[in-house]
Number of protein chains: 2
Amino acid sequence: MTQAHISSEEEIKERTSGWLSRLAEQGYRITGSRRAVVDVLAEAGTSLSPAEIYEQGRALHKQLGLVTVYRTLEKLEELGLVQRVHRPDGCHAYIPALHGHEHLLLCQQCGRMEYFRGDDLSELSRRLEGESGYTIKDHWLQFFGLCAQCQ
Amino acid sequence: MTQAHISSEEEIKERTSGWLSRLAEQGYRITGSRRAVVDVLAEAGTSLSPAEIYEQGRALHKQLGLVTVYRTLEKLEELGLVQRVHRPDGCHAYIPALHGHEHLLLCQQCGRMEYFRGDDLSELSRRLEGESGYTIKDHWLQFFGLCAQCQ
DNA sequence: GATATAATTGAAAACAGTTTTCAATAACTG
DNA sequence: CAGTTATTGAAAACTGTTTTCAATTATATC
């Protein structure tokens with residue numbers, strides 16, 4: 001079933017604290033700077049570049065440095081909590097990671113994003129493996145367009 | 001119908017001369033440097049970064065400069081002859097442009113690429129539009145894996 | 001063919017985004 | 001609460017890309 005999806009407040013809270021616990025579990029310290037990066041990205045409704053995260057993060061923790069944004073993103077990405085988004089016009093933005101078999105719908109104007117499920121590419125994937133000789137490990141399915149506000 | 005596809009020698013020749021004619025048609029001059037970039041990329045079996053194109057292009061035209069590689073790619077991209085490839089690990093490589101409704105299958109090891117047709121995402125696209133309120137303009141479907149040689 | 005002219009070139013400089021270095025700071029442990 | 005050690009931000013270094021500019025060269029015209 002197709003299912004577009006916007007995060008609720010509770011889900012965001014859970015995501016934020018979940019990310020912080022995962023960092024702590026790994027032995028990383030929870031600092032004001034990391035908390036700021038986590039807060040900004042966990043509640044983002046759009047994909048954000050490091051510079052945008054830096055800017056928004058400074059509202060929460062004014063001495064935040066851009067370097068720390070990069071370093072925190074690196075750790076969150078390693079833990080699979082965050083991932084980079086690729087778009088036709090560039091691929092320097094981050095979003096909370098997709099879970100399981102989710103895919104992306106992105107607004108080309110404002111960067112707003114939504115997740116959805118409901119495709120089934122397994123048959124196509126199997127056919128392709130047969131014809132090409134490749135072993136397929138992964139796939140991307142992304143839709144681009146204009147969100148309701150931007151139309 | 002799914003249809004994976006490797007370019008034959010003739011197709012490559014046609015592609016090369018096609019690209020050069022398109023450049024000429026647009027009033028661009030056909031120079032040794034442009035010819036080198038076109039030759040390298042038109043016959044590439046893998047996606048290539050500007051630096052790789054530069055390196056291979058110098059074998060054909062030894063005074064080729066990296067700057068000209070960028071400038072030529074820009075023009076080829078404007079004309080829709082070439083496009084950038086996005087991959088999980090980065091998006092700084094170029095390939096001959098997909099035509100119509102083609103999609104990509106990329107080897108994560110060596111960068112080898114193949115095109116295929118045969119998906120039908122129009123129904124999914126329509127459902128998503130209804131649920132999300134987006135107007136969908138475009139989509140990406142890409143598969144990643146290991147080619148026969150790299151397995 | 002030779003010539004004029006305007007696009008194109010490559011090298012160097014400038015630029016933007018990202019990463020490294022390093023001394024100062026602050027989070028966790030006991 | 002004090003000690004240890006990860007983490008921080010600023011500055012410097014780096015990488016990939018773009019701009020500047022004088023010299024070169026493809027094309028149109030004779």
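Just so it is clear, the values below take in all heavy atoms, side chains as well, and ignore hydrogens, waters and symmetry mates. Naming: A, B, ... by sequence-line order, numbering from 1 per chain.
- Residues meeting the salt bridge (charged side-chain N to carboxylate O under 4.0 Å, His left out) test with A/E123, sequence neighbours left out: none.
- Between the CG atom of A/L64 and the P atom of C/dT25 there is a distance of 18 Å, given to the nearest Å.
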Tell me which donor-acceptor pairs under 3.5 Å the side chains of residues 27-44 of chain B have, and how far apart each pair is, sequence neighbours excluded?
residue, atom, partner, partner atom, Å
B/T31, OG1, B/R34, N, 3.1
B/S33, OG, B/H61, NE2, 3.3
B/R34, NH1, B/R29, O, 2.9

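- The stretch residues 76-93 of chain A has no heavy atom under 4.0 Å from DNA chain D, so no residue of it qualifies as close.
- B/S33 has a side-chain polar atom (N or O) that falls below the 4.0 Å cut-off from OP1 or OP2 of C/dG10.
- Under the side chain to side chain donor-acceptor pair (under 3.5 Å) criterion, A/R112 pairs with A/Q149, sequence neighbours left out.
- A donor-acceptor pair under 3.5 Å is absent between the side-chain atoms of B/T68 and the main chain of B/L64, judged by distance alone.
- For A/F143, the ring pair (Phe, Tyr, Trp, His ring centres under 6.0 Å) partners two or more places apart in sequence, or in a different chain, are A/F116, B/H139.
- Residue-to-nucleotide proximity on DNA chain D shows that, of A/T68 and B/L66, the 5′-proximal contact is made by A/T68.
- Atom NZ in A/K62 sits about 14 Å away from atom C1' in D/dG9, given to the nearest Å.
- Atom OH of B/Y54 is separated from atom P of D/dG16 by 13 Å (rounded to the nearest Å).
- Between the P atom of C/dT8 and the CG atom of B/L20 lies a distance of 14 Å, rounded to the nearest Å.
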- Summary of protein contacts for nucleotides 21-30 of chain D, nucleotide by nucleotide, where a base hit scores B, a sugar-phosphate-only hit scores S (4.0 Å, heavy atoms): -----BS---

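- Note: CZ (A/R34) to C1' (C/dA27) measures 10 Å, nearest angstrom.
- Annotation: side chain of B/F144 is not in contact with side chain of B/L105 (no heavy-atom distance under 4.5 Å).
- Residue pairs that meet the salt bridge (Lys or Arg N to Asp or Glu O under 4.0 Å) test with at least one member in residues 136-151 of chain A, sequence neighbours left out, do not exist here.
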Donor-acceptor contacts, no H, no angles, side chain residues 87-101 of chain B, under 3.5 Å, sequence neighbours left out:
residue, atom, partner, partner atom, Å
B/H101, NE2, B/H103, NE2, 3.3
B/H101, NE2, B/D119, OD1, 3.4
B/H101, NE2, B/D119, OD2, 3.3

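- Taking atom CG of residue B/L23 and atom P of nucleotide C/dT8, one finds them 9 Å apart after rounding to whole Å.
- Rounded to whole Å, the distance from CD on A/E74 to C1' on C/dG17 is 15 Å.
- Under the salt bridge (charged side-chain N to carboxylate O under 4.0 Å, His left out) criterion, A/R22 pairs with A/E25, not counting sequence neighbours.
- Rounded to an integer number of Å, the gap from B/E52 CD to D/dG16 P is 11 Å.
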